[in-house]
Amino acid sequence: MRIPAKIKLLIVVPTLECGGLERNVAMICNNMDTTKYDVTLVVVNNINQFFKITNKDIKLIDLKIANVRKSLFQILKLSRKIRPDIILSTANHLNLLFGIFKRLFPKRIRIIARESSIVSINTQRSWNPVIYHWLLRVFYKNIDIIICQSKYMQDDLVSNYNIRINKTRIINNAIFRPEYKNEPNSPAAFAKLITVARLSKEKGLDRLIRAVSHLKIPYRFVIIGEGEMRNKLQEIINNLSLQQHVFLTGSRLEPYKEVPSPDLFLMGSYYEGFPNAMLEATAAGIPVVAFNAPGGITEQIVNYENGILVEGNDELVFAEAIQKALDFNFDNNKIQEIALKRFNIDAIMKKWYELFESLN
């Protein structure tokens, strides 16, 4: 009996540093069925690797190139050597590179681009928003399939970049039940609040710090993550005299072990594709208080089922929502059960396999 040939995948990612994009690439690779797929993971620069590839059958290649724009010819060279059936690109600027130069790749190779954020909003942070927006409108349609993490992301691409909806697919991020610590159900002396996020402007951590400063109850707010805003955030903490209440811990591989049995997860982002950290919080049974920002937040949070959504940008209203959430009797087991049922790794990997099979 002839054994079917494996589908060859070439997955390309800028880095494996600490971030939601990188976490999802690592999760896909580590859970790939390598009896059916021959997978090569190309990392443009892996010098600061945070997420590990534990699947021994995944072939990892580090290009050791500092800039994505300079990686094109190395990726072309590898594609001709490996001869993949499918290339999966995983970051917007990398996706655009494939869109611009798609004709240089053999026609038989199908190129999939996975988006990690809301393109029209994220483009405003580029080196030249007007030119970058134009490049996306002209060349992004060359990609065979674009993966969106949420319906909001899909609508954004269709509305703003003339992408036909049949060239898009929605595949949410996946989760495992995260490792976390529980404490006995005795009343705590203070409210335990947690956020896991990159310390960057769009995550809105500054407004979370200002919001908790309005709380009239004892609390401890732990922010887990690293980034360029660390010094600025610490300055806000110092200026508000919150050193005994708000703490920046740096990055942690298992962040929910840092704060045993947190009462709430706080989300301050101005926009999100499909927030991984918030998804992991619900998978640990932690209710969420979040600003109702553009993106996939509303596709995860249902008011008074697994959290509270705050309309507008008023930090005092957010503080009031924290108090309401602390007073509400959330069913932590139900929060966890729903999250794990909707976004478990097996269900999400099935969607990836269905896509790969449809293109082969």
Side-chain angles (χ1 to χ4, degrees), residues 12-22 24-25 42-45 47-48 63-76 87-105 111-150 152-165 167-168 197-207 226-233 268-275 293-296 313:
V12 188
V13 64
T15 75
L16 285 174
E17 296 178 6
C18 186
L21 180 162
E22 296 83 2
N24 276 281
V25 171
V42 175
V43 186
V44 175
N45 193 313
I47 191 170
N48 295 315
L63 296 182
K64 300 180 180 179
I65 297 173
N67 194 301
V68 164
R69 292 194 303 272
K70 298 178 181 178
S71 66
L72 176 66
F73 292 107
Q74 286 293 330
I75 295 170
L76 270 170
I87 293 176
L88 171 59
S89 174
T90 58
N92 181 259
H93 55 314
L94 188 61
N95 300 344
L96 179 57
L97 196 72
F98 279 105
I100 294 172
F101 296 103
K102 185 174 186 291
R103 292 185 180 183
L104 298 181
F105 290 84
I111 296 180
I112 303 172
R114 179 187 179 275
E115 267 307 327
S116 59
S117 190
I118 303 168
V119 177
S120 66
I121 298 177
N122 209 42
T123 297
Q124 301 307 313
R125 302 171 58 229
S126 69
W127 49 275
N128 188 315
V130 174
I131 293 176
Y132 199 84
H133 181 79
W134 178 82
L135 288 170
L136 288 167
R137 284 179 62 87
V138 173
F139 294 105
Y140 231 45
K141 62 188 71 173
N142 292 340
I143 301 293
D144 292 303
I145 295 291
I146 301 174
I147 304 301
C148 305
Q149 300 171 41
S150 65
Y152 193 106
M153 291 173 66
Q154 183 187 54
D155 292 342
D156 177 68
L157 280 172
V158 172
S159 299
N160 294 304
Y161 297 98
N162 296 327
I163 304 297
R164 298 197 311 272
I165 196 166
K167 293 191 73 171
T168 67
R198 185 173 63 254
L199 308 188
S200 55
K201 187 175 181 180
E202 74 276 9
K203 297 299 181 181
L205 298 168
D206 54 336
R207 61 178 178 169
E226 198 52 82
E228 66 273 11
M229 286 280 290
R230 171 181 269 275
N231 292 339
K232 178 64 176 177
L233 295 174
S269 297
Y270 290 97
Y271 64 95
E272 282 283 351
F274 202 76
N313 296 297

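All residue numbers refer to positions in the sequence shown, counting from 1.
- The distance from the OG atom of S116 to the CD1 atom of I147 is 13.0 Å, given to the nearest 0.5 Å.
- Between D156 and Y161 there is a side-chain heavy-atom pair separated by less than 4.5 Å.
- Residue V13 comes nearest to V25 through the heavy atom pair CG2-CG2, 4.0 Å, listed as atom of the first residue, atom of the second, then distance.
- Residues R137 and N162 meet the side-chain proximity criterion, which asks for heavy atoms closer than 4.5 Å.
- Using a 4.5 Å heavy-atom threshold, the side chains of R114 and N24 count as touching.
- The shortest distance between side-chain heavy atoms of R164 and K141 does not fall below 4.5 Å.
- A distance of 11.0 Å separates CD1 of I100 from CG of N95, quoted to the nearest 0.5 Å.
- T90 places a side-chain N or O within 3.5 Å of a backbone atom of V12 that can act as its donor or acceptor partner.
- Salt bridge R198/E228: absent, no basic N to carboxylate O contact under 4.0 Å.
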Show, in sequence, the C-alpha distance, side-chain angles and deciding distance for E202 and R125, and conclude whether the side-chain contact (heavy atoms from CB on, under 4.5 Å) test is met.
CA-CA 10 Å; E202 74 276 9; R125 302 171 58 229; 3.5 Å; yes
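- Taken from CD1 in I75 to CD1 in I87, the straight-line distance is 8.0 Å, to the nearest 0.5 Å.
- With a 4.5 Å cut-off on side-chain heavy atoms, L157 and Y140 count as touching.
- Classified by interplanar angle (parallel below 30°, tilted 30° to 60°, perpendicular above 60°), the ring pair F139/W134 is perpendicular.
- Across every non-hydrogen atom of I65 and S71, the tightest pair is CD1-CA, 3.8 Å.
- The two residues I111 and D144 have their closest heavy-atom pair at N-OD2, 2.7 Å.
- Between the side chain of N92 and the backbone N or O of E115, no donor-acceptor pair lies under 3.5 Å.
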One pair to check against side-chain contact (heavy atoms from CB on, under 4.5 Å): V119 and N160. What are the steps and the verdict?
CA-CA 9 Å; V119 177; N160 294 304; over 6 Å; no
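- Side-chain contact check for M229 versus K203: every heavy-atom pair is 4.5 Å or farther apart.
- The neighbour count for I47 CD1, taken as heavy atoms of other residues, nucleotides or ligands under 6.0 Å away, does not exceed 12.
- Contact of the R207 side chain with the Y270 side chain is registered, since non-hydrogen atoms from C-beta on lie closer than 4.5 Å.
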Donor-acceptor pairs under 3.5 Å, side chain of residues 14-22 to any protein atom, not counting sequence neighbours: which ones?
residue, atom, partner, partner atom, Å
T15, OG1, E17, N, 3.2
T15, OG1, E22, OE2, 3.4

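- For the pair I143/K167, no side-chain contact is recorded, criterion being any heavy-atom separation below 4.5 Å from C-beta on.
- The minimum heavy-atom distance between I121 and P294, with the atom names listed, is CD1-CB, 3.9 Å.
- Taken from CG in L96 to CZ in F101, the straight-line distance is 9.0 Å, to the nearest 0.5 Å.
- Rounding to the nearest 0.5 angstrom, the gap separating the CG atom in L104 from the CZ atom in F73 is 7.0 Å.
- Contact between S150 and G273 at its shortest, heavy atoms only, is OG-O, 3.2 Å.
- The CG atom of N67 lies 10.0 Å from the CG atom of N45; values are rounded to the nearest 0.5 Å.
- For T168 against C148, the heavy-atom pair with the smallest separation is CB-SG, 4.4 Å.
- At distances below 3.5 Å, not a single donor-acceptor pair connects side-chain atoms of E226 with backbone N or O atoms of L199.
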